[in-house]
Amino acid sequence: MPSVLVVEDDQFVRSALIRHLTEASHTVRSVGTALEALREVAHFRFDVVILDLGLPDLDGSEALKMLRGITDVPVIIATARDDEAEIVRLLNDGADDYLTKPFSVEHLSARMAAVLRRSRAGAEEATPSRVIRVGGLSIDPLRRQAELDGYQLDLTRREFDLLTFLAGRPGVVVPRKELLAEVWQQSYGDDQTIDVHLSWLRRKLGETAARPRYLHTLRGVGVKLEPPAPGAPPRQGPPA
Ligand code: CA
């Protein structure tokens, strides 16, 4: 649910905006001055700011510059001034888009959707997914997808977390206590919990405890994941 900060001193416009945005299932906070807006963005994280240019305390372009000084949240300018030169300058100063008043709700929604789409795409680019590969296993922690030999694995949340944790340290024997703490977020528990999940995971990887390929249990020590050794038994069936 996107959260929106509405910066607008006109009570009438402001309550209309709040009503429409709330109906469109956005979370809305609103203020009437630029200084309040600065305080808001310093304390809360917003997905988009709608900034009226005619505010009582600061000129809109000043307000925009100060906002840009502390946050890169997308900003949509709402302006009554139909002045192209001014709008171009604001876009250069870091506004993401603008609307000329009076604007319709549909128009606002469309602009907001476009700005949110762009900022999400930007965020994904900024944090490229780090894919973990061990042998024929490939795990994408951000997308929560795992493949074995090109087959998509159908894992439960816990199985996925367990596999990702072990694959992140290939060849390292991880004590059960550490698995409980890291994967189950428990400081104690019984080993059976781990054994049960390991056995489900093994089945999905097409191996068994007696004929291991990736998952190796060292009795009394812990568990490790590593690429199948040469001469390891073949995978049993396509991964589940
Ligand atoms: Ca105003």
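Starting from 1, each residue takes its place in the sequence as its number.
When the salt bridge (charged side-chain N to carboxylate O under 4.0 Å, His left out) test is applied to Arg29, the partners found at least two apart in sequence or on another chain are Glu40. For the salt bridge (charged side-chain N to carboxylate O under 4.0 Å, His left out) test, residues two or more places apart in sequence or in another chain that qualify with Glu86 are Arg81, Arg89.
Annotation for Asp72: atom CG does not count as buried by contact number, only 12 or fewer foreign heavy atoms lying within 6.0 Å.
Here the side chain of His26 pairs no donor or acceptor atom with the backbone of Glu23 at under 3.5 angstrom. Listed for the Glu207 side chain is a donor-acceptor partner under 3.5 Å among the backbone atoms of Leu215. In this structure, the side chain of Asp161 does not engage the main chain of Val183 through any donor-acceptor pair within 3.5 Å. Although no hydrogens or angles enter the test, the distance criterion places no donor-acceptor pair under 3.5 Å between the side chain of Tyr214 and the main chain of Gly135. The closest donor-acceptor contact from the side chain of Thr71 to the backbone of Ala42 lies at 3.5 Å or more, if one exists at all. A donor-acceptor contact shorter than 3.5 Å links the side chain of Thr22 to the backbone of Ile18. With Asp57 contributing its side chain and Leu35 its backbone, the two residues share a donor-acceptor pair below 3.5 Å.
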Practice task
With side chain to side chain contact (heavy atoms under 4.5 Å, CB included) as the test, would you mind laying out the steps for Trp184 and His197 before giving the verdict?
Solution key: CA-CA 11 Å; Trp184 275 264; His197 283 86; 3.4 Å; yes
Practice task
Verify side chain to side chain donor-acceptor pair (under 3.5 Å) between Thr33 and Glu36, making sure each step is shown before the conclusion.
Solution key: CA-CA 5 Å; Thr33 66; Glu36 285 174 297; 2.9 Å; yes
Handout entry: From CA spacing to verdict: salt bridge (charged side-chain N to carboxylate O under 4.0 Å, His left out), Arg68, Asp93
Key = CA-CA 8 Å; Arg68 274 289 163 264; Asp93 279 349; over 6 Å; no
Practice task
Go through the steps for Leu218 and Lys224 under the test side chain to side chain contact (heavy atoms under 4.5 Å, CB included), then give the verdict.
Solution key: CA-CA 8 Å; Leu218 286 85; Lys224 74 174 170 178; 4.2 Å; yes
Exercise for the section: Test Ile50 against Met112 for side chain to side chain contact (heavy atoms under 4.5 Å, CB included), laying out the working first. Expected result: CA-CA 9 Å; Ile50 299 172; Met112 280 191 42; 3.9 Å; yes
Problem - Working for side chain to side chain contact (heavy atoms under 4.5 Å, CB included), residues Val49 and Val4 - result: CA-CA 6 Å; Val49 174; Val4 186; over 6 Å; no
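Glu226 and Gly171 make their closest contact through OE1-CA, 3.8 Å (heavy atoms, listed as atom of the first residue, atom of the second, distance). Taking each heavy atom of Leu51 and Gly60 in turn, the nearest pair found is CD2-O, 4.2 Å. The shortest non-hydrogen separation linking Gly32 to Asp9 is O-CB, 3.3 Å. Closest approach of Ala167 and Ile132 over heavy atoms only: O-CG2, 3.5 Å. Across Phe160 and Gln145, no two heavy atoms sit closer than the pair CE1-N, 3.5 Å. The minimum heavy-atom distance linking Val131 with Ser138 is given by the pair CG1-OG, 3.8 Å.
To the nearest 0.5 Å, atom CD1 of residue Ile139 and atom CG of residue Leu153 are 8.5 Å apart. Taking CZ from Phe44 and CG from Leu5, the interatomic distance works out to 10.0 Å, rounded to the nearest 0.5 Å. In this structure, CG on Leu58 lies 6.0 Å from CE on Met66, to the nearest 0.5 angstrom.
Residue pairs meeting the side-chain hydrogen bond (donor to acceptor under 3.5 Å, both in side chains) criterion with at least one partner in residues 164-177, sequence neighbours excluded, are Arg176-Asp195.
A single hydrophobic cluster is not seen to contain both Phe12 and Val28; linkage of ILVMFWY side chains at heavy-atom distances under 4.5 Å, directly or through other members, places them apart. Phe103 and Ile77 end up in different hydrophobic clusters when Ile, Leu, Val, Met, Phe, Trp and Tyr side chains are linked at under 4.5 Å. With hydrophobic clusters built from ILVMFWY side chains whose heavy atoms lie under 4.5 angstrom apart, Leu67 shares a cluster with Leu53. Taking hydrophobic clusters as Ile, Leu, Val, Met, Phe, Trp and Tyr residues chained together by side-chain heavy-atom distances below 4.5 Å, Val6 shares a cluster with Val115. Cluster membership check: Val134 shares its hydrophobic cluster with Leu155, using side-chain heavy-atom separations under 4.5 Å among Ile, Leu, Val, Met, Phe, Trp and Tyr.
In this structure, Leu99 and Ile76 have side chains that are in contact, with non-hydrogen atoms separated by less than 4.5 Å. At least one side-chain heavy atom of Leu137 sits less than 4.5 Å from a side-chain heavy atom of Leu205. Taking 4.5 Å as the limit, some side-chain heavy atom of Leu64 sits within range of a side-chain heavy atom of Leu90. Side-chain contact between Pro234 and Arg211 is present, with at least one heavy-atom pair separated by less than 4.5 Å. Side-chain atoms of Leu179 and Leu166, non-hydrogen and from C-beta on, do get closer than 4.5 Å to each other. Residues Leu163 and Leu225 have side chains in contact (heavy-atom distance under 4.5 Å, counting atoms from C-beta outward). Side-chain contact between Leu198 and Leu162 is present, with heavy atoms from C-beta onward closer than 4.5 Å. In this structure, the side chains of Arg202 and Thr217 come closer than 4.5 Å at one or more pairs of heavy atoms.
At a threshold of 4.0 Å, the pair Asp96-Arg118 does not count as salt-bridged, since none of the basic side-chain nitrogens sits closer than that to a carboxylate oxygen. Contact check on Asp10 versus Lys101 returns no salt bridge, with no Lys/Arg side-chain nitrogen under 4.0 Å from an Asp/Glu carboxylate oxygen. Using a 4.0 Å cut-off between a side-chain N of Lys or Arg and a carboxylate O of Asp or Glu, Lys204 and Glu159 qualify as a salt bridge.
Geometric assessment of Arg111 against the ring of Tyr98 yields a positive cation-pi assignment under the 6.0 Å and 45° thresholds.
Looking at Arg14 and Ser30, their side chains do bring a donor and an acceptor atom within 3.5 Å of each other.
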